[in-house]
Amino acid sequence: MNNTRNRSLLCGGMILLECILWGIGNPMIKLMEGVIPNFLLLALRFALSFVLMMAVFGRRIVPALRQAKLRPILIASVYTAAAYILSNFGLRLAAATAAGFLMGLSVLFTPILAFLFYRQKMHAAQWIPIVIVMAGMYLMCGAEGGFGFGIGEALALLSSAASALMLVSSARVLEETDAMAVSAVQFAVTALCCFICALLFEDVTVLAHVPASGWWILAYLAIGTSFFAFILQNVGLTGVSSMYASLLMCSEPLFTAVAAYFMLGERLTLPGFIGAGLIMVSLILATLLTEKPNLLIRRKAVR
């Protein structure tokens with residue numbers, strides 16, 4: 001029992017550390033606006049992460065992939081690519097603090113997506129946090145004289161839905177496949193998708209004019225928010241449920257807000273703070289309500 005509890009705490013700590021890395025990286029993506037285009041930045045970031053992953057864990061990854069079922073891994077990787085593409089555009093088109101909170105809503109999408117894709121029923125009480133979060137989103141995104149929910153915020157919200165799919169699908173894949181192998185495929189698929197989009201829609205010659213600060217930010221995004229963060233996430237998911245992981249990931253917006261304050265000078269208004277608080281309450285409540293049926297079943301089994 002103690003070993004199981006210690007492993008759960010360790011894996012939970014990994015997810016939390018991942019959120020710190022992401023929270024610091026989100027404002028950095030904002031700083032890259034006008035330096036490297038979106039698709040090209042993502043392509044370089046995940047290509048570097050893939051090279052680093054293969055250099056460190058290649059001897060472990062190749063045999064694991066030979067024995068693995070590639071189709072579910074590729075599906076999880078496509079969700080990963082979608083989540084990062086949407087979040088990257090969302091961060092560039094919206095305030096980093098607002099985008100960070102909206103991207104943390106994956107825990108709300110999990111029961112909905114579980115019902116749509118896996119026919120897992122939603123309990124009526126699980127709609128309560130959805131109502132709360134809608135109120136929080138309005139307050140947080142409200143601009144002076146109107147509701148400031150634009151394309152950036154919409155993309156950040158879609159990113160949270162894609163992240164929920166990534167978490168659920170990755171958790172299932174990791175039951176049978178090595179975490180490093182799954183991470184490597186996710187890096188490769190995301191890099192390939194973004195390279196194709198960069199060649200089709202962006203000017204790749206801008207790389208010749210990237211300042212040194214841009215390359216340092218790219219290095220952090222590749223090593224910190226991709227290489228290390230994905231290892232922490234995928235190893236962490238082997239010891240905790242995807243729902244518990246999504247609860248821990250609710251802390252990412254807080255780290256984003258703190259980092260955005262120091263890097264970008266962003267500040268939430270009073271309604272923004274209230275809205276952010278409502279969103280955090282809804283995230284925690286959503287997870288507790290989702291876990292409640294499982295906890296009841298376990299108690300009955302013990303009795």
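Start at 1 with the first residue, then count along the sequence.
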Has the side chain of [X] got a donor or acceptor atom that lies under 3.5 Å from a matching backbone atom of [Y]?
{"X": "Ser169", "Y": "Met166", "value": "yes"}
{"X": "Gln233", "Y": "Glu18", "value": "no"}
{"X": "Ser87", "Y": "Ala156", "value": "no"}

Legend entry - The single option from Leu44, Val35, Val210 passing side chain to side chain contact (heavy atoms under 4.5 Å, CB included) against Leu218: Leu44
Report the distance from atom [atom1] of [X] to atom [atom2] of [Y], rounding to the nearest 0.5 Å.
{"X": "Asn88", "Y": "Cys194", "atom1": "CG", "atom2": "SG", "answer": "8.0 Å"}
{"X": "Glu175", "Y": "Thr177", "atom1": "CD", "atom2": "OG1", "answer": "9.5 Å"}
{"X": "Thr256", "Y": "Asn26", "atom1": "OG1", "atom2": "CG", "answer": "4.0 Å"}
{"X": "Ser49", "Y": "Ile231", "atom1": "OG", "atom2": "CD1", "answer": "9.5 Å"}
{"X": "Phe46", "Y": "Thr190", "atom1": "CZ", "atom2": "OG1", "answer": "5.0 Å"}
{"X": "Ile24", "Y": "Cys19", "atom1": "CD1", "atom2": "SG", "answer": "11.5 Å"}

Legend entry - CA sep, side-chain torsions, deciding dist, call: Tyr84, Phe230, ring pair (Phe, Tyr, Trp, His ring centres under 6.0 Å): CA-CA 12 Å; Tyr84 275 89; Phe230 263 75; 5.7 Å; yes
With hydrophobic residues grouped by side-chain heavy-atom distances under 4.5 Å, do [X] and [Y] end up in a single group?
{"X": "Val51", "Y": "Ile36", "result": "no"}
{"X": "Phe201", "Y": "Ile151", "result": "yes"}
{"X": "Leu41", "Y": "Trp215", "result": "yes"}
{"X": "Ile217", "Y": "Leu207", "result": "yes"}
{"X": "Val206", "Y": "Val204", "result": "yes"}

If you compare all heavy atoms of [X] against all heavy atoms of [Y], which two are closest, and at what distance to 0.1 Å?
{"X": "Phe50", "Y": "Ala184", "answer": "CD1-O, 3.4 Å"}
{"X": "Ile85", "Y": "Leu42", "answer": "CA-CD1, 3.6 Å"}
{"X": "Met263", "Y": "Pro27", "answer": "SD-CB, 3.7 Å"}
{"X": "Glu33", "Y": "Arg92", "answer": "OE1-O, 3.6 Å"}
{"X": "Ala181", "Y": "Ala64", "answer": "CB-CB, 3.9 Å"}
{"X": "Leu21", "Y": "Tyr220", "answer": "O-OH, 3.1 Å"}

Inset, instruction - Could you tell me whether the side chains of Gln186 and Ser170 share a donor-acceptor contact shorter than 3.5 Å? - result: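 Yes - a donor-acceptor pair under 3.5 Å links their side chains.
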Legend entry - Arg45 versus Thr225, side-chain donor and acceptor atoms under 3.5 Å: yes
Determine whether [X] and [Y] make a side-chain contact, defined as any pair of heavy atoms from C-beta on separated by less than 4.5 Å.
{"X": "Pro72", "Y": "Arg172", "answer": "no"}
{"X": "Lys69", "Y": "Ile73", "answer": "no"}
{"X": "Leu174", "Y": "Val182", "answer": "yes"}
{"X": "Leu31", "Y": "Leu264", "answer": "yes"}
{"X": "Cys197", "Y": "Cys193", "answer": "no"}

Inset, instruction - Flag yes if more than 12 heavy atoms outside Phe228 fall under 6.0 Å of its CZ atom; otherwise flag no. - result: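 Count not over threshold, so no.
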